[in-house]
Amino acid sequence: MDLKGKNCLITGGSRGIGKSIALQFAALGANIAITYSRSAEAAQEVVKEAETIGVKAKAFQADATDFNAADDVIQTVVKEWGSLDVLVNNAGITRDNLILRMTEEQWDDVINTNLKSIFNYSKAAAKPMMRNRGGSVINISSVVGISGNAGQCNYAASKAGIIGFTKSYAREFASRNIRANVVAPGYILTEMTGTLNESVLEQINSETPMGRAGNPEEIAATVAFLASDLSSYITGTVVRVDGGMAM
Ligand code: NDP
């Protein structure tokens, strides 16, 4: 597998799964641009690590919910590097609560960060990818968007929305050689899941046929395949990377 010379943008690339995707892409020869909202230092570490590998790297402080910022980031990448070949919409948050207690703010924050962001970046990427005669968009959903989860109505709605969005986008741009796919992780060890207590973790492991949590690198490997030319006939699909959790 090889991403040599591809210019790739990963939202939320400062930590967790996004960081793994960025570094995996860099290891495969891609230039990587990442966005973050608050973790400036962590983002600069990712840039440094990628540059050590020998590729171009850049970090943008850009709130994923900001429509104009998404356009600015993509315009800058295209202006400086000549094209955008791969977009990974990874930035995401949780604000869990049972629906009876869920606030309007918890609903809006999750929908805006997880779903509106996908619209912002995928729309801004479409024209440069059309000019480039192709591209690959990979959107990070979740098995929760497929199966639902009590306490996560906002998150599940945003992640299910990503699946519908991606299939529609894939249909709109298939004839332009722009592919769009979803990766739906199961339970992955990152800061997002770091706050879960032991009994919840044990329950998750017991509900996962492979009996363990996944690592960010295991998501990154699948995303890299969908970004690469090896997946040139795959569009509009949802790939679960979940140890069998949602089968
Ligand atoms: P982390 O919390 O570890 O990292 C989240 C990343 O998103 C950070 O880089 C963060 O940047 C960025 N981010 C958050 N909000 C914004 C925003 N408003 N604007 C720009 N960037 C933002 O999460 P994970 O790595 O665990 O999750 C990554 C994706 O994978 C998410 O979409 C999540 O829903 C999905 N996922 C995760 C699973 C898991 O088990 N971990 C399971 C299924 C799906 P900053 O550091 O600046 O805050």
Side-chain angles (χ1 to χ4, degrees), residues 9-24 32-47 59-70 72-74 87-96 105-106 108-121 138-149 152 154-163 165-166 182-196 200-201 203-205 207-208 210 212-220 222-223 238-243 245-246:
L9 172 65
I10 301 111
T11 68
S14 53
R15 297 186 284 116
I17 293 171
K19 175 182 177 179
S20 255
I21 294 169
L23 293 177
Q24 169 80 266
I32 54 125
I34 60 169
T35 69
Y36 64 95
S37 57
R38 286 164 304 169
S39 307
E41 229 172 275
Q44 284 313 323
E45 285 301 314
V46 174
V47 167
F60 296 88
Q61 200 276 326
D63 192 316
T65 65
D66 185 333
F67 180 78
N68 293 320
D72 288 347
V73 167
I74 287 181
L87 166 66
V88 183
N89 282 305
N90 163 79
I93 57 168
T94 51
R95 296 286 183 268
D96 299 351
E105 192 183 9
Q106 287 172 329
D108 286 344
D109 282 353
V110 168
I111 297 297
N112 287 335
T113 306
N114 297 6
L115 185 56
K116 188 186 173 214
S117 62
I118 305 262
F119 166 71
N120 294 344
Y121 279 87
I138 300 119
N139 295 326
I140 308 299
S141 174
S142 164
V143 291
V144 168
I146 299 169
S147 309
N149 193 24
Q152 290 196 307
N154 50 359
Y155 187 76
S158 72
K159 295 301 187 181
I162 288 172
I163 295 173
F165 178 97
T166 308
V182 170
V183 170
Y187 170 62
I188 309 299
L189 295 167
T190 67
E191 281 173 42
M192 180 179 274
T193 47
T195 52
L196 299 178
V200 176
L201 295 186
Q203 198 196 333
I204 292 171
N205 287 344
E207 287 167 1
T208 304
M210 289 188 76
R212 65 168 178 90
N215 297 309
E217 292 74 22
E218 292 175 306
I219 305 302
T222 303
V223 176
V238 180
V239 184
R240 287 188 293 105
V241 185
D242 66 348
M245 187 190 241

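Sequential numbering from 1 along the given sequence is applied to the chain's residues. Read the numbers this way: they start at 1 and go in the same order the structure lists the ligands and their atoms.
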Leu196 vs Tyr187 side-chain heavy atoms within contact, under 4.5 Å: yes
Note, Ile146 side chain near Val238 side chain (heavy atom, < 4.5 Å): yes
Heavy-atom check, side chain of Thr35 versus side chain of Leu9, under 4.5 Å: yes
Atom CE of Met210: over 12 foreign heavy atoms under 6.0 Å: no
Verdict with supporting geometry, Thr94 and Val110, side-chain contact (heavy atoms from CB on, under 4.5 Å): CA-CA 6 Å; Thr94 51; Val110 168; 5.8 Å; no
Residue shell around ligand 1, heavy atom under 4.0 angstrom: Gly12, Gly13, Ser14, Arg15, Gly16, Ile17, Tyr36, Ser37, Arg38, Ser39, Ala62, Asp63, Ala64, Asn90, Ala91, Gly92, Ile93, Thr113, Ile140, Ser141, Ser142, Tyr155, Lys159, Pro185, Gly186, Tyr187, Ile188, Thr190, Glu191, Met192, Thr193
Set of residues satisfying side-chain contact (heavy atoms from CB on, under 4.5 Å) with respect to Phe119, sequence neighbours excluded: Phe67, Lys123, Phe165
